[in-house]
Amino acid sequence: MRGEICGHENNLRHMTAPTPISELASRTGSPVVVKGWVRRIRSSGRIAFLVVRDGTGEVQCVFSRADLDDATWQTLTAAEHESTVAVTGEVCADKRSPIGVEVSANSLRVLSGSPEFPIQPKEHGIDFLLEHRHLWLRSPRQVALMRIRDETMRAIRDFLHEDGFTCVDTPILTGAIGESAGTLFETEYFDLGTAYLAQTGQLYVETAAAALGKVYCFGPTFRAEKSKTRRHLTEFWMVEPEVAWMDSDGNMDLQERMVCYVAARVLDRCQADLGTMGRDLDRLAAIVPPFNRMSYTDAVARLQEAGHEIEWGSDLGAGHEAALTEGRSKPLFVHDYPKRAKAFYMKENPDNPATVKCNDLLAPEGYGEIIGGSQREDDYDRLLARIREEGLPEESYGWYLDLRKYGTFPHSGFGLGLERTVAWLSGAQHLRETIAYPRMMTRITP
RNA sequence: UCCGGGGUAGCUCAGUGGCCAGAGCGGGUGGCUGUUAACCACUAGGUCGCGGGUUCGAAUCCCGCCCCCGGAGCCA
């Protein structure tokens with residue numbers, strides 16, 4: 001452990017502690033030990049190049065036959081793609097290096113071999129790559145995506161905490177409750193019958209809003225939908241803020257501020273990784289307030305003018321969303337959808353009872369819906385009526401109805417899909433690359 | 001579930017009725033070079049998804065099945 005500093009073994013470990021590759025540029029002329037994985041090797045009769053990465057960066061280590069003993073030279077032949085090595089040498093400035101320095105090596109230890117590493121520096125099919133996801137993660141593009149995802153999550157949490165939110169974790173194992181049955185994963189739960197994996201934390205986080213005012217949950221959610229598109233996973237992460245005394249307009253204000261904050265943070269802190277992804281940075285710089293807000297009714301009118309076949313009252317399809325966001329550089333709010341197209345808990349619009357106070361946020365460039373949000377129905381009788389209309393099991397919603405029975409209050413919230421947001425910000429074409437181990441209809445391993 | 005595309009070497013693919021099924025990459029051996037997905041030569045490597053049918057002859061044509069891909073629906 002960290003506290004144990006005495007003992008021969010720990011001293012040894014300390015002595016062989018490697019220098020992170022990210023620090024080499026500031027150590028020109030110094031002797032160093034670099035430990036990491038071999039990305040590439042080019043060896044020959046007189047000189048050899050070993051590109052080593054360690055998670056902080058990568059560096060080329062140069063081995064000159066004339067400067068090495070026979071044993072070290074022989075060892076080079078055992079260094080394979082993705083084997084682990086310890087290289088001892090001196091940091092030398094070199095204009096040809098992308099990081100300005102390379103290591104003039106005088107010794108090499110192969111710590112572990114890596115016979116025939118499956119992933120080559122070439123094109124592979126997606127099925128093969130997913131079958132080897134545990135190894136694919138080592139690729140530069142995947143590393144960049146994991147860092148962008150990490151920064152996106154940090155930015156979301158930082159924004160919410162700076163804004164006075166408290167994180168309240170909601171259960172993953174639940175009884176029969178959620179937006180709709182039929183798309184829930186089931187599992188046996190002792191003597192209590194069937195439990196379901198949560199497809200949202202919203203109903204629970206609503207109750208926490210009555211305790212803490214501004215709250216959010218952030219965790220994995222599960223949808224047993226038989227979706228096979230680039231925009232769907234069966235397990236994905238969602239952040240769900242919920243705010244007491246906030247109406248639908250305030251809800252959109254909050255979404256706008258959060259999305260802009262996150263985009264700015266990723267742009268600021270992930271430039272190199274966005275570069276690895278080939279992302280156009282101007283696209284992220286354009287994500288600033290305000291976002292356009294369009295009512296569902298206006299959206300349908302626009303679509304009809306553009307020749308789309310859509311009736312007022314039916315939900316927007318992928319083609320409609322693409323048409324509405326085409327040519328835009330910022331996300332677009334579409335609000336006040338027809339009641340019959342949306343979930344039971346959304347608050348009826350007093351100005352137009354056929355619609356509810358809700359909104360989607362559609363990302364540009366075809367990334368689609370990254371947020372769904374609404375003001376919640378806070379009237380006991382109306383909510384009960386909606387539960388009955390939808391044919392939901394009334395007895396399962398007792399505690400949810402209680403929230404309207406004991407000191408009800410207007411409140412709103414939304415769910416932002418992490419993977420869709422990361423895909424959009426990074427320019428990834430498919431959600432499956434934005435999470436380390438994507439869960440899809442046809443894949444549960446590795 | 002529906003629609004479309006696909007399944008040939010470890011990987012990416014070419015091969016649409018006719019000798020023993022090919023290339024590049026990767027592996028192995030040797031050579032060579034301040035190299036950048038290095039290069040050159042040699043070499044090993046195949047149940048052409050599975051089953052049946054047509055034919056003198058099937059990777060190739062027909063039927064059935066399985067699997068994968070991404071689009072729709074659904075949603076974040």
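In what follows, chains are A, B, ... by sequence order, proteins preceding strands, each numbered from 1.
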- prompt: Counting heavy atoms not belonging to A/Arg257, are there more than 12 under 6.0 Å from its CZ?
  reply: yes
field: Partners meeting salt bridge (Lys or Arg N to Asp or Glu O under 4.0 Å) with A/Glu389 (sequence neighbours left out)
entry: A/Arg386
message: A/Cys217: which residues meet the side chain to side chain contact (heavy atoms under 4.5 Å, CB included) condition with it, sequence neighbours left out?
response: A/Thr170, A/Val205, A/Glu240
message: Between B/rG15 and B/rC40, how far apart are the two C1' atoms, rounded to whole Å?
response: 28 Å
Review item, nucleotides 36-41 of chain B N/O atoms under 3.5 Å of protein N/O:
residue : atom : partner  : partner atom : Å
B/rA37  : N1   : A/Pro121 : O            : 3.4
B/rA37  : N3   : A/Pro121 : O            : 2.2
B/rA38  : OP2  : A/Arg40  : NE           : 3.3
B/rA38  : OP2  : A/Arg42  : NH1          : 2.9

message: When both hydrogen-bonding distances must be under 3.5 Å and the geometry is Watson-Crick or G-U wobble, what is B/rC20 paired with, if anything?
response: none
Please table the atom pairs, donor to acceptor, closer than 3.5 Å between any side-chain atom in residues 437-446 of chain A and protein atoms at least two apart or in another chain.
residue  : atom : partner  : partner atom : Å
A/Arg439 : NH1  : A/Ile444 : O            : 3.4
A/Arg439 : NH1  : A/Pro446 : O            : 3.2
A/Arg439 : NH2  : A/Ile444 : O            : 3.3
A/Arg439 : NH2  : A/Pro446 : O            : 3.2
A/Arg443 : NH1  : A/Glu131 : OE1          : 3.3
A/Arg443 : NH1  : A/Thr445 : O            : 3.1
A/Arg443 : NH2  : A/Asp127 : OD1          : 2.8
A/Arg443 : NH2  : A/Glu131 : OE1          : 3.4

- prompt: CD1 of A/Ile119 versus C1' of B/rG10: gap in Å, rounded?
  reply: 13 Å
statement: With A/Glu348 as partner, the option from A/Lys339, A/Lys357, A/Gln375 fulfilling side-chain hydrogen bond (donor to acceptor under 3.5 Å, both in side chains) is A/Lys339
- request: With sequence neighbours excluded, tell me which residues meet salt bridge (Lys or Arg N to Asp or Glu O under 4.0 Å) with A/Glu23.
  value: A/Arg27
Qualifying residues under ring pair (Phe, Tyr, Trp, His ring centres under 6.0 Å), relative to A/His430, sequence neighbours excluded: none
field: C1'-based separation of B/rA59 from B/rG46 [nearest Å]
entry: 12 Å
- request: Decide side chain to side chain contact (heavy atoms under 4.5 Å, CB included) for A/Glu433 and A/Gln142; before the verdict, give the C-alpha distance in whole Å, the side-chain angles of both, and the deciding distance to 0.1 Å.
  value: CA-CA 7 Å; A/Glu433 285 188 272; A/Gln142 303 308 313; 2.6 Å; yes
task: Kindly write out the residues that satisfy ring pair (Phe, Tyr, Trp, His ring centres under 6.0 Å) with A/Phe414, not counting sequence neighbours, or none if the list is empty.
output: none
Whole-Å distance separating the CD atom of A/Glu80 from the P atom of B/rC25: 19 Å
- prompt: When you match A/Ile47 and A/Ala341 each to their closest nucleotide on RNA chain B, which lands nearer the 5' end?
  reply: A/Ile47
Distance in angstrom units between A/Phe128 CZ and B/rU8 P, rounded: 13 Å
- prompt: For the pair made of CD in A/Gln199 and C1' in B/rC74, what is the distance, rounded to whole Å?
  reply: 11 Å
message: Side chain of A/Gln120 only, heavy atoms from C-beta on: which candidate in B/rG34, B/rC25, B/rC75 is closest?
response: B/rC25
message: Output the rounded distance in Å from CG (A/Leu431) to C1' (B/rC74).
response: 15 Å
field: Gap between atoms CZ and P, on A/Arg65 and B/rC32 respectively (whole Å)
entry: 13 Å
field: Presence of donor-acceptor pair under 3.5 Å, side chain of A/Glu102 and base of B/rG34
entry: yes
query: When you compare B/rG10 with B/rC66, how far apart are their C1' atoms, in angstrom units rounded to a whole number?
result: 23 Å
query: What residues in residues 284-311 of chain A put a non-hydrogen atom under 4.0 Å from any atom of RNA chain B?
result: none
- request: Give one of base, sugar-phosphate or nothing for A/Leu418, where a contact means two heavy atoms less than 4.0 Å apart.
  value: nothing
field: Sidechain-backbone polar pair: A/Glu80 side chain, A/Ser114 backbone, donor-acceptor under 3.5 Å
entry: yes
statement: From CD of A/Glu242 across to P of B/rA76 the rounded distance in Å is 14 Å
message: Please give the distance between the P atoms of B/rC65 and B/rU1 as a whole number of Å.
response: 13 Å
- request: Could you tell me whether the side chain of A/His124 has a donor or acceptor atom within less than 3.5 Å of a complementary atom in the base of B/rC11?
  value: no
message: Could you tell me how far B/rU8 sits from B/rU16 if I compare only their C1' atoms? Round to whole Å.
response: 14 Å
query: Can A/Phe236 be classed as stacking with the base of B/rA76, given a centroid separation cut-off of 5.5 Å and a plane angle cut-off of 30°?
result: yes
- line: Under a 3.5 Å limit on both distances, the Watson-Crick or wobble mate of B/rC32 is none
- prompt: P atom, B/rA41 versus B/rC3: distance in rounded Å?
  reply: 50 Å
Tabulate protein N/O versus nucleotide N/O from nucleotides 69-72 of chain B, keeping only pairs under 3.5 Å, one per line.
residue : atom : partner  : partner atom : Å
B/rC69  : OP2  : A/Thr442 : OG1          : 3.0
B/rG70  : OP1  : A/His430 : NE2          : 3.4
B/rG70  : OP1  : A/Arg432 : NH1          : 2.3
B/rG70  : OP1  : A/Arg432 : NH2          : 2.5
B/rG70  : OP2  : A/Arg432 : NH1          : 3.4
B/rG70  : O2'  : A/Lys228 : O            : 3.3
B/rG71  : OP1  : A/Arg230 : NE           : 2.3
B/rG71  : OP1  : A/Arg230 : NH2          : 2.2
B/rG71  : OP2  : A/Arg230 : N            : 2.9
B/rG71  : OP2  : A/Arg230 : NE           : 3.2
B/rA72  : OP2  : A/Arg231 : NH2          : 3.3

Residue matched to B/rA72 through Watson-Crick or wobble contacts both under 3.5 angstrom: B/rU1
- prompt: Does any nucleotide pair with B/rA9 by Watson-Crick or G-U wobble geometry, both distances under 3.5 Å, and what is it?
  reply: none
message: Considering every strand and a 4.0 Å limit on heavy-atom distances, what is the contact class for A/Glu116: base, sugar-phosphate, or nothing?
response: sugar-phosphate
query: If you look at every strand shown and take non-hydrogen atoms under 4.0 Å, does A/Asp315 touch a base, only sugar-phosphate, or nothing?
result: sugar-phosphate
- request: Could you measure between the two C1' atoms, the one in B/rC13 and the one in B/rG5, and give it in whole Å?
  value: 16 Å
task: In whole angstrom, give the distance that lies between atom CG of A/Leu76 and atom P of B/rG34.
output: 16 Å
query: Is the side chain of A/Lys214 donor-acceptor paired with the backbone N or O of A/Asp163 at a distance under 3.5 Å, no angle test?
result: yes
message: Please enumerate all residues that pass ring pair (Phe, Tyr, Trp, His ring centres under 6.0 Å) together with A/Phe159, with sequence neighbours excluded.
response: A/Tyr261
Ring pair (Phe, Tyr, Trp, His ring centres under 6.0 Å) against A/Phe117, all qualifying residues, sequence neighbours excluded: A/His81
field: Distance, C1' atom - from B/rC50 to B/rC67, rounded to whole angstrom
entry: 10 Å
- request: Can you tell me which residue pairs pass the side chain to side chain donor-acceptor pair (under 3.5 Å) test with a partner in residues 321-334 of chain A, sequence neighbours excluded?
  value: none
